[in-house]
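Inspection log for the structure reproduced underneath, given as structure tokens.
Atom set for the values below is all heavy atoms of this structure, side chains included, hydrogens, waters and symmetry mates excluded. Below, read A as the first sequence line, B as the second, and so on, with proteins coming before strands; counting in each chain starts at 1.
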Amino acid sequence: MEKRVRVRFAPSPTGGLHMGGVRTALFNYLFAKRHKGDFILRIEDTDQTRFVEGAEEYIINALTWCGIPPNEGVGFGNGKHAPYRQSERKDLGIYKTYAERLIESGHAYYAFDTSEELDEMRKRLEAAKVVAPQYNAVTRQTMRNSLTLPEDEVKRLLEAETPHVVRLKVPRNEDIRFHDIIRGWVVVNSAQVDDKVLLKSDGMPTYHLAHIVDDIEMEISHAVRGEEWLPSAPAHILIYKYLGLENDMPKLAHLPLILNPDGHGKISKREARFPVFPLSWQDPREATPYLGYKEAGYYPEAFVNILALLGWNPGNNEEIFSVDELAALFDFERVHKSGAKFDPEKAKWFNQQYLRKKSDEELADAFEPFLKEKGFSVEKPFLMAFCRLVKEKVQFVHEFWEQGKYVFVAPEAYDEKVLSKKWKENSKESFTALMTAFSNLKNWDVSSITTCFHAVEAEKGKLDMQVLRVLITGVAGGPQLFDMLELIGKTAVSDRMKQALEKLD
RNA sequence: GGCCCGUUCGUCUAGGGGUUAGGACACGUCCCUUUCACGGAUGAAACACGGGUUCGAUUCCCGUACGGGCUACCA
């Protein structure tokens with residue numbers, strides 16, 4: 001019988017959760033949904049030195065904003081496997097029990113080496129032209145551990161509470177073979193694996209031990225994580241094996257990384273030319289906050305959509321998917337092996353697709369605060385009409401201002417390019433006639449404006465619409481002109497034309 | 001350096017032993033439009049290289065190159 005699908009997202013609270021992390025969370029969420037399983041948030045706070053205030057809360061908020069909330073875990077309700085913070089689980093003695101099991105079966109040992117001694121060992125090896133110095137089957141024989149020290153000495157050190165770690169005893173030369181859902185079979189020789197620290201001298205487990213213990217205890221069915229974990233997977237396989245849990249271990253899936261658009265490497269927060277965090281992140285150690293996708297004007301649906309298509313796609317030409325649609329389609333079979341460079345331009349396009357689906361009312365409500373900030377306040381129906389007109393031109397709500405501010409403010413300058421090309425000898429006369437005709441109009445709506453415009457043209461000859469646009473708005477482009485005129489209003493249009501015609505000869 | 005993973009247009013990708021190698025973003029052109037967009041059409045643009053295997057390889061295998069990851073008492 002297949003195990004119930006239970007997956008986890010297990011970040012460490014060492015900073016803001018960036019988009020790579022969100023993508024990992026997303027794939028976990030999607031997979032859980034698809035199989036009607038559980039999605040768990042576990043906080044891996046085993047490194048006290050890297051703990052960052054506010055990070056955990058940020059992670060919870062970010063997942064919530066993205067619309068991919070876990071249904072179990074820190075911040076999302078306790079299941080029967082609480083607690084979900086590793087620091088709390090450590091206090092329960094969970095990890096120590098497993099570490100002791102490994103020691104008893106001879107697969108782990110105590111090591112008393114100080115960090116100075118470890119440094120010395122590395123230096124010595126480097127001097128001897130060893131390219132990758134590591135604590136392993138060979139070097140452990142020269143170090144101070146329960147494998148080299150006399151039994152009574154070890155006992156004495158332990159009783160004296162001498163600082164020590166517990167290390168995994170990795171065999172010297174043994175092929176470790178494991179299966180990854182995305183990558184297939186991977187084989188690594190144990191000579192490449194060092195004797196990983198399982199329990200640190202402060203009593204905390206390392207990631208390597210802790211995640212295995214928790215995945216087992218929490219009945220995790222699939223361990224889905226970033227590709228950066230692939231090299232340590234062989235050590236993890238060994239731990240499962242030595243614990244006798246090979247058959248209970250979760251299936252492994254290592255996700256491809258999200259890479260920087262132009263430069264190299266995985267995406268980093270320093271890149272700064274586009275947001276890397278879902279929500280703005282203020283690191284307590286830094287002065288300036290990082291802008292998030294939310295603050296940049298992205299819809300969470302768009303953000304999630306973008307992320308979903310980085311390293312996965314449904315196999316057809318469709319690109320716009322809601323989270324629910326993604327969940328119905330998602331499959332590790334279709335997850336790529338190679339990393340994907342993130343394209344900020346396409347990200348904007350995605351947001352535009354979602355913006356266009358919004359109603360005029362939603363857009364008006366969203367834009368209102370921006371307008372207010374600029375010092376304007378208008379009736380809702382007016383703002384809705386405004387949004388209807390301008391929405392085709394924007395990718396973000398805040399762009400409504402830049403793209404349509406002339407509806408609210410009379411222009412101070414007029415597009416030189418258009419005027420130098422299209423402003424003719426008789427332009428002033430014809431547009432003055434148009435202005436007069438406009439001011440005599442009884443009804444101020446698109447059809448009256450259109451009729452009036454044509455009537456003046458019949459009398460005075462062709463009137464250039466782009467010139468008219470420039471006279472009213474100052475700029476060469478914008479939404480449907482006559483609709484704009486209607487919106488701006490008869491009085492304002494007349495005033496603006498008058499002002500413009502006075503400035504132009 | 002070592003180990004591991006990868007490699008289709010600039011980017012995200014579809015495809016897969018025989019295809020005019022498809023789509024999307026960005027870019028160019030045209031149509032629609034008395035303005036501006038949207039929209040539509042269209043163009044340029046890719047199988048990293050070298051060896052195999054095969055009647056045939058972009059697709060399978062091996063090398064090379066390139067890219068990425070890891071190489072901590074960090075995750």
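Distance, A/Ile182 CD1 to B/C4 C1': 15 Å, rounded to whole Å. Look at CD1 on A/Ile258: it is 22 Å from P on B/C5, rounded to the nearest Å. Following rounding to the nearest Å, A/Gln192 (CD) and B/G1 (P) show an atom-to-atom distance of 15 Å. Per the geometry, CG belonging to A/Leu125 stands 15 Å off C1' belonging to B/G1, to the nearest Å. In this structure, A/Arg183 atom CZ and B/U7 atom P are separated by 9 Å, rounded to whole Å.
Aromatic rings from A/Phe408 and A/Phe386 are positioned such that their centres are separated by under 6.0 Å. The distance between the ring centers of A/Tyr293 and A/Phe277 does not fall below 6.0 angstrom.
Across all strands shown, B/A46 remains unpaired; no Watson-Crick or G-U wobble contact has both distances below 3.5 Å. Base-pair partner of B/C30: B/G40 (Watson-Crick or G-U wobble, both distances under 3.5 Å). Across all strands shown, B/C70 pairs with B/G2; the Watson-Crick or G-U wobble distances both stay below 3.5 Å. The partner of B/U54 is absent, by the rule that a Watson-Crick or G-U pair needs both atom distances under 3.5 Å. Under the Watson-Crick and G-U wobble criteria, each requiring two contacts below 3.5 Å, nucleotide B/A24 is paired to B/U11.
By the neighbour-count criterion of 12 heavy atoms within 6.0 Å, atom CD of A/Glu286 is densely surrounded, having more than that number from other residues, nucleotides or ligands.
Within 4.0 Å (heavy atoms only), A/Gly311 reaches sugar-phosphate atoms of the nucleic acid but no base atom. No engagement by A/His211 is indicated, since no non-hydrogen atom pair under 4.0 Å with the nucleic acid exists.
Between A/His254 and A/Arg183, the side chains place no donor N or O within less than 3.5 Å of an acceptor N or O (distance only, hydrogens not considered).
For the OP1/OP2 pair of B/G22 and a distance below 4.0 Å, the side-chain nitrogens and oxygens of A/Asn317 include no atom meeting the criterion.
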How does each nucleotide of nucleotides 38-43 of chain B score, in 5' to 3' order, for protein heavy atoms under 4.0 Å: base (B), sugar-phosphate only (S), or none (-)?
SS----
Per-nt protein contacts along nucleotides 69-75 of chain B (heavy atom under 4.0 Å; B base, S backbone sugar-phosphate only, - none) come out as BS--BBB
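Nearer the 5' end of RNA chain B, as judged by each residue's closest nucleotide, is the contact made by A/Trp185, out of A/Gly339 and A/Trp185.
Within the structure, salt bridge (charged side-chain N to carboxylate O under 4.0 Å, His left out) pairs that include any residue of residues 475-488 of chain A do not occur (at least two apart or interchain). The salt bridge (charged side-chain N to carboxylate O under 4.0 Å, His left out) pairs that include a residue from residues 205-218 of chain A are A/Arg8-A/Asp215, A/Arg42-A/Asp214, A/Arg42-A/Asp215, A/Arg89-A/Asp214, where partners are two or more places apart or lie in different chains.
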Could you go through residues 14-26 of chain A and list every donor-acceptor pair under 3.5 Å that involves a side-chain atom there, pairing it with any protein atom two or more places apart or in another chain?
{"from": "A/His18", "atom 1": "ND1", "to": "A/Gly20", "atom 2": "N", "distance (Å)": "2.9"}
{"from": "A/Arg23", "atom 1": "NH1", "to": "A/Leu310", "atom 2": "O", "distance (Å)": "2.4"}
{"from": "A/Arg23", "atom 1": "NH2", "to": "A/Pro256", "atom 2": "O", "distance (Å)": "2.2"}
{"from": "A/Thr24", "atom 1": "OG1", "to": "A/Gly20", "atom 2": "O", "distance (Å)": "3.2"}

Distance-only donor-acceptor pairs under 3.5 Å for side chains of residues 163-173 of chain A, two or more places apart:
{"from": "A/His164", "atom 1": "ND1", "to": "A/Thr162", "atom 2": "O", "distance (Å)": "2.8"}
{"from": "A/Arg167", "atom 1": "NH1", "to": "A/Asp195", "atom 2": "O", "distance (Å)": "2.8"}
{"from": "A/Asn173", "atom 1": "OD1", "to": "A/Asn189", "atom 2": "ND2", "distance (Å)": "2.7"}

For the pair A/Phe9 and A/Ile40, evaluate side-chain contact (heavy atoms from CB on, under 4.5 Å) and give the outcome as yes or no after the intermediate values.
CA-CA 6 Å; A/Phe9 177 55; A/Ile40 297 143; over 6 Å; no
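Residue A/Lys346 places a side-chain atom within donor-acceptor reach of the base of B/A24, judged by atom type and a 3.5 Å distance cut-off alone.
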